[in-house]
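I have placed the structure first, in the form of structure tokens, so that the comments after it can refer back to it.
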Amino acid sequence: MNEPQITLASASPRRAALLRQIGITFEVKPSEILERQLASECPEDYVQRLARTKAATVQHDSLPALGADTIVVREGQILEKPVDREEAIQMLRLLQGERHRVLTGVCLHDGQKDRCVLATAEVVFRRIASDELERYWESGEPTDKAGAYGIQGLGAIFIAGICGQPSTVAGLPLVETNQLLCEFGVDVWRHRNAMFLKRTQD
């Protein structure tokens with residue numbers, strides 16, 4: 001079994017899948033922090049602060065820790081994970097037929113220093129019928145997603161257009177993440193060739 005290269009400060013299966021996609025080995029150590037926007041804190045600062053706090057909370061030994069946080073912003077209003085059915089459907093009604101931004105902050109912390117980056121994508125939703133909203137809620141997917149939808153799941157059927165990386169919307173922008181890992185001396189290519197060979201043989 002390959003030794004972990006980083007600690008992932010998240011229990012998100014989406015972020016784990018994205019890291020595996022680019023051949024990074026990791027251990028999972030979810031952070032337990034309070035996610036609440038500070039007074040007068042803009043969305044860009046908020047999402048990067050959470051990413052930095054998550055990474056700093058779980059960093060240990062010599063492994064750099066990767067923290068990330070994703071929010072949906074519609075006309076300045078932050079839409080995070082819905083607390084119940086009513087809030088989820090309300091969020092989706094706000095988004096339907098409109099354009100919104102998805103912000104993902106990513107931070108790498110090695111115990112000595114940290115660096116955060118911010119990735120932004122613009123997403124356009126089609127119009128969504130009321131019965132579709134109800135059926136989508138019943139699928140269970142909206143419960144743990146910022147903005148009450150997931151691009152990597154059923155929520156993709158609502159997306160009419162996207163400007164930016166789909167991985168930003170999924171919760172871990174791969175271009176920026178790869179750049180951070182390289183800056184911190186992580187050998188990002190260590191397992192990639194073997195991973196490619198395995199895929200071609202399967």
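Residue numbers count from 1 along this sequence.
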- Task: Using the side-chain contact (heavy atoms from CB on, under 4.5 Å) rule, take Asp114 and Leu108 through it: C-alpha gap first, then chi angles, then the decisive distance, then the call.
- Result: CA-CA 5 Å; Asp114 65 55; Leu108 207 61; over 6 Å; no
- Task: State whether a side-chain donor-acceptor pair under 3.5 Å links Gln37 with Glu80.
- Result: no
- Run the numbers on Leu38 and Tyr46 for side-chain contact (heavy atoms from CB on, under 4.5 Å), then give the verdict. CA-CA 8 Å; Leu38 302 177; Tyr46 172 51; over 6 Å; no
- Give a yes-or-no answer on whether the side chains of Tyr136 and Glu141 include a donor-acceptor pair shorter than 3.5 Å. yes
- Message: What verdict does the side-chain contact (heavy atoms from CB on, under 4.5 Å) test give for Val188 and Asn178, after you've listed the backbone C-alpha separation in whole Å, the side-chain angles of each residue and the deciding distance to 0.1 Å?
- Response: CA-CA 7 Å; Val188 296; Asn178 188 75; 3.8 Å; yes
- Item | Between Arg135 and Ser130: side-chain donor-acceptor atoms closer than 3.5 Å | no
- Item | Ionic contact status for Glu3 with Arg190, cut-off 4.0 Å | no
- Task: Determine, step by step, whether Glu122 and Arg101 satisfy the salt bridge (Lys or Arg N to Asp or Glu O under 4.0 Å) criterion, reporting the C-alpha distance in whole Å, the side-chain angles of both residues, the deciding distance to 0.1 Å, and the verdict.
- Result: CA-CA 5 Å; Glu122 289 196 346; Arg101 291 190 303 149; 6.0 Å; no
- Message: I'd like to know if Glu134 pairs up with Arg85 as an ion pair, taking the criterion as any Lys NZ or Arg NE/NH1/NH2 lying under 4.0 Å from an Asp or Glu carboxylate oxygen.
- Response: yes
- Task: For a side-chain contact (heavy atoms from CB on, under 4.5 Å) with Ile71, tell me which candidate from Val102, Leu50, Val47 qualifies.
- Result: Val47
- Query: Any salt bridge between Arg52 and Asp69, counting N to O under 4.0 Å?
  - Reply: no
- Query: For residues Ser31 and Thr57, is any side-chain donor paired with an opposing acceptor at under 3.5 Å?
  - Reply: no
- Between the main-chain N or O of Glu98 and the side-chain N or O of Arg126, is there a donor-acceptor pair closer than 3.5 Å? no
- Query: Would you find a donor on one side and an acceptor on the other, under 3.5 Å apart, between the side chain of Gln96 and the backbone of Leu92?
  - Reply: no
- Query: Where do Val73 and His100 land on the side-chain contact (heavy atoms from CB on, under 4.5 Å) test, with the steps shown first?
  - Reply: CA-CA 6 Å; Val73 182; His100 63 272; over 6 Å; no
- Establish, from distance only, whether the side-chain atoms of Gln90 and Glu86 form a donor-acceptor pair under 3.5 Å. no
- Item | The single option from Glu27, His109, Lys29 passing side chain to side chain donor-acceptor pair (under 3.5 Å) against Thr7 | Glu27
- Message: Do Trp189 and Ile22 make a side-chain contact, defined as non-hydrogen atoms from C-beta onward lying under 4.5 Å apart?
- Response: no
- Gln5 side chain vs Thr25 backbone, donor-acceptor pair below 3.5 Å: yes
- Message: Walk me through whether Glu35 and Lys54 qualify under salt bridge (Lys or Arg N to Asp or Glu O under 4.0 Å).
- Response: CA-CA 10 Å; Glu35 299 186 16; Lys54 289 177 180 180; 3.4 Å; yes
- Side-chain donor/acceptor of Gln59 to backbone N/O of Leu63, under 3.5 Å: yes
- Query: Does the side chain of Met91 reach to within under 4.5 Å of the side chain of Leu79, using non-hydrogen atoms?
  - Reply: yes
- Message: Show, in sequence, the C-alpha distance, side-chain angles and deciding distance for Thr70 and Arg15, and conclude whether the side chain to side chain donor-acceptor pair (under 3.5 Å) test is met.
- Response: CA-CA 11 Å; Thr70 301; Arg15 294 190 178 112; 3.2 Å; yes
- Would you call the rings of Phe125 and Phe158 parallel, tilted or perpendicular if under 30° counts as parallel and over 60° as perpendicular? tilted
